[in-house]
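Inspection log for the structure reproduced underneath, given as structure tokens.
Numbering of ligands and ligand atoms starts at 1, following listing order.
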Amino acid sequence: MTKCPICNREKTPSLPFIEGICIECYLAKKPIEPVRLKIKRCKVCGAVFLKGRWEPDPSERVEALAAKEAEKALKKRFGPYGFEAMVNWRGDKFKAQLFGNEGSYSMPIEVIIEEEKTICPTCLYRRSGSYEAKIQIRSNSGSVDKRTFDEVMKIISSFSYDVRSSVVSIDELKEGFDINLMDKASAKIIASAIADKLGGEVKTTYKLISEKGGEKRTRLSISLRLYSKKGGELVELNGEPALVVRRSGEPAKVILLPSRREIKLSKIEPNALKPFSGEAHEATLQAVLPDKVIVLLEDFSTEEVPISSVFGGTDMGKYLLVESENGRFLIKREMVL
Ligand SMILES: [Zn+2]
Ligand SMILES: [Zn+2]
């Protein structure tokens, strides 16, 4: 039976020995130094520089990184005695666990996070007011509504930090809003995503802003004119009836009713879309046959529509019967404004 020569306690799986004495006596003789972690923190926005890049919302990651750092230090020190180390953040302190063939032992460990206060590149640009690119969001209707603004913000925030952090500032204007960006590449990526999702016309121009020592600096200006077309709007494209479809997370598109062809709204010239000139009637689906459906109209008459002209599935319920020179189409009511 092994006993600690200092405290006279027996060796057990919860009291392993190191260098012939129990771990507690060992730690009393040779305490664990606090583990130090140096980080850079932006004093303006609080972003933290971790693993080569700036993290905007670093709270959990700093603790995870500190725990890793402490683990490394413990493995280095106790590895030679046959111990593995694990360190966890417990919400208010770090807890370390040593475990090996000899047994395991838990203890608190002090981790000192040393912050170097600095300013991250985004805030630096924001302060100096210098930016390389601008996306101007405008609308055919003359103003951009709150919902569109929110959708644009959602699209921007869906990008990786590298892309979205290039947004320096947003100027809200009467006729729309301007997004100022640090770099041209991110501006192009963001603008094309917005045009894709919301449907719009993109115009790109470069403007010379300064010429220092033969080096030309240009500012990229991307003008994005969004269509005021709403999802569910019935329109005509080259004389064919069509339906505008907007689903969140998908590019806005137009479905041509006769051919069922789908075209991205961003691929269509804005003046190519005309208001729908045919007729539309409320209808209730009554029966589904192998090749056609039968609907009841409000005047209690019935009509037949081929299955190939039905949009939105063939559940019983409310539909809109659309009549035009190109034929009759039945669209699920909730798909149409
Ligand atoms: Zn002891
Ligand atoms: Zn910052």
Side-chain angles (χ1 to χ4, degrees), residues 1-33 37-66 74 77-83 85 95-109 113-135 153 156-172 178-187 189-190:
M1 195 176 291
T2 316
K3 277 193 174 180
C4 174
I6 299 171
C7 68
N8 210 28
R9 282 186 292 173
E10 274 175 30
K11 180 176 171 179
T12 65
S14 60
L15 191 71
F17 276 39
I18 291 177
E19 292 178 352
I21 56 176
C22 79
I23 190 159
E24 285 184 2
C25 291
Y26 170 84
L27 288 174
K29 269 171 72 178
K30 297 177 182 173
I32 299 169
E33 299 272 299
L37 177 70
K38 280 187 186 165
I39 58 165
K40 280 188 202 170
R41 191 186 287 272
C42 173
K43 57 185 165 193
V44 181
C45 70
V48 163
F49 189 74
L50 292 173
K51 293 187 177 162
R53 53 191 242 167
W54 285 91
E55 288 283 337
D57 189 16
S59 50
E60 275 173 39
R61 298 213 38 198
V62 171
E63 264 99 43
L65 200 73
L74 290 177
R77 169 135 178 220
F78 294 96
Y81 300 112
F83 290 100
K95 189 134 197 201
Q97 196 182 16
L98 298 174
F99 53 97
N101 294 336
E102 293 280 292
S104 67
Y105 186 75
S106 296
M107 63 201 158
I109 180 164
I113 298 170
E114 291 173 351
E115 290 183 4
E116 184 195 331
K117 291 282 186 195
T118 174
I119 297 181
C120 75
T122 310
C123 291
L124 209 59
Y125 272 101
R126 200 169 280 159
R127 283 196 163 180
S128 65
S130 92
Y131 50 88
E132 272 194 0
K134 183 194 271 283
I135 303 172
M153 294 305 120
I156 292 174
S157 62
S158 70
F159 279 102
S160 71
Y161 178 69
D162 293 340
V163 173
R164 71 184 135 91
S165 67
S166 72
V167 174
V168 174
S169 60
I170 291 165
D171 301 330
E172 290 189 59
D178 290 354
I179 305 166
N180 302 312
L181 298 109
M182 257 156 44
D183 70 288
K184 298 182 179 98
S186 301
I189 293 169
I190 291 174

Q: Could you pull out the N/O/S protein atoms under 2.8 Å of the Zn ion (ligand 1), ignoring any water?
A: Cys4 SG, Cys7 SG, Cys22 SG, Cys25 SG
**Q.** Heavy atoms from other residues, nucleotides or ligands near NZ of Lys38 exceed 12 (cutoff 6.0 Å)
**A.**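 No, NZ of Lys38 has 12 or fewer neighbouring heavy atoms, counting only those of other groups under 6.0 Å.
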Q | More than 12 heavy atoms of other groups within 6.0 Å of Glu115 CD | A |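 Atom CD in Glu115 is packed in, count exceeds 12.
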Return the minimal non-hydrogen interatomic distance between [X] and [Y], and the atom names on each side.
X: Ser14; Y: Tyr105; result: O-CD1, 3.7 Å
X: Ser106; Y: Gln97; result: OG-CG, 3.5 Å
X: Cys42; Y: Cys120; result: SG-N, 3.4 Å

Q: In sequence, state the C-alpha distance, the side-chain angles, and the governing distance for Lys43 and Ile119, and then conclude on side chain to side chain contact (heavy atoms under 4.5 Å, CB included).
A: CA-CA 6 Å; Lys43 57 185 165 193; Ile119 297 181; 3.9 Å; yes
Q: Check the Zn ion (ligand 2) and write out every protein N, O or S atom at under 2.8 Å, as residue and atom.
A: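 Only Cys42 SG, Cys45 SG, Cys120 SG, Cys123 SG fall inside 2.8 Å of the Zn ion (ligand 2).
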Q.
Using side chain to side chain contact (heavy atoms under 4.5 Å, CB included), reason through Ile23 and Glu102 one step at a time and then give a plain yes or no.
A. CA-CA 11 Å; Ile23 190 159; Glu102 293 280 292; over 6 Å; no
(Q) Would the distance check show the side chain of Arg164 and the main-chain N or O of Phe159 forming a donor-acceptor pair, the cut-off being under 3.5 Å? (A)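 A pair under 3.5 Å: yes.
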Q. Given the rule in the side chain to side chain contact (heavy atoms under 4.5 Å, CB included) test, do Arg41 and Lys117 qualify, once you have shown the distances and angles that lead to the verdict?
A. CA-CA 5 Å; Arg41 191 186 287 272; Lys117 291 282 186 195; 3.9 Å; yes
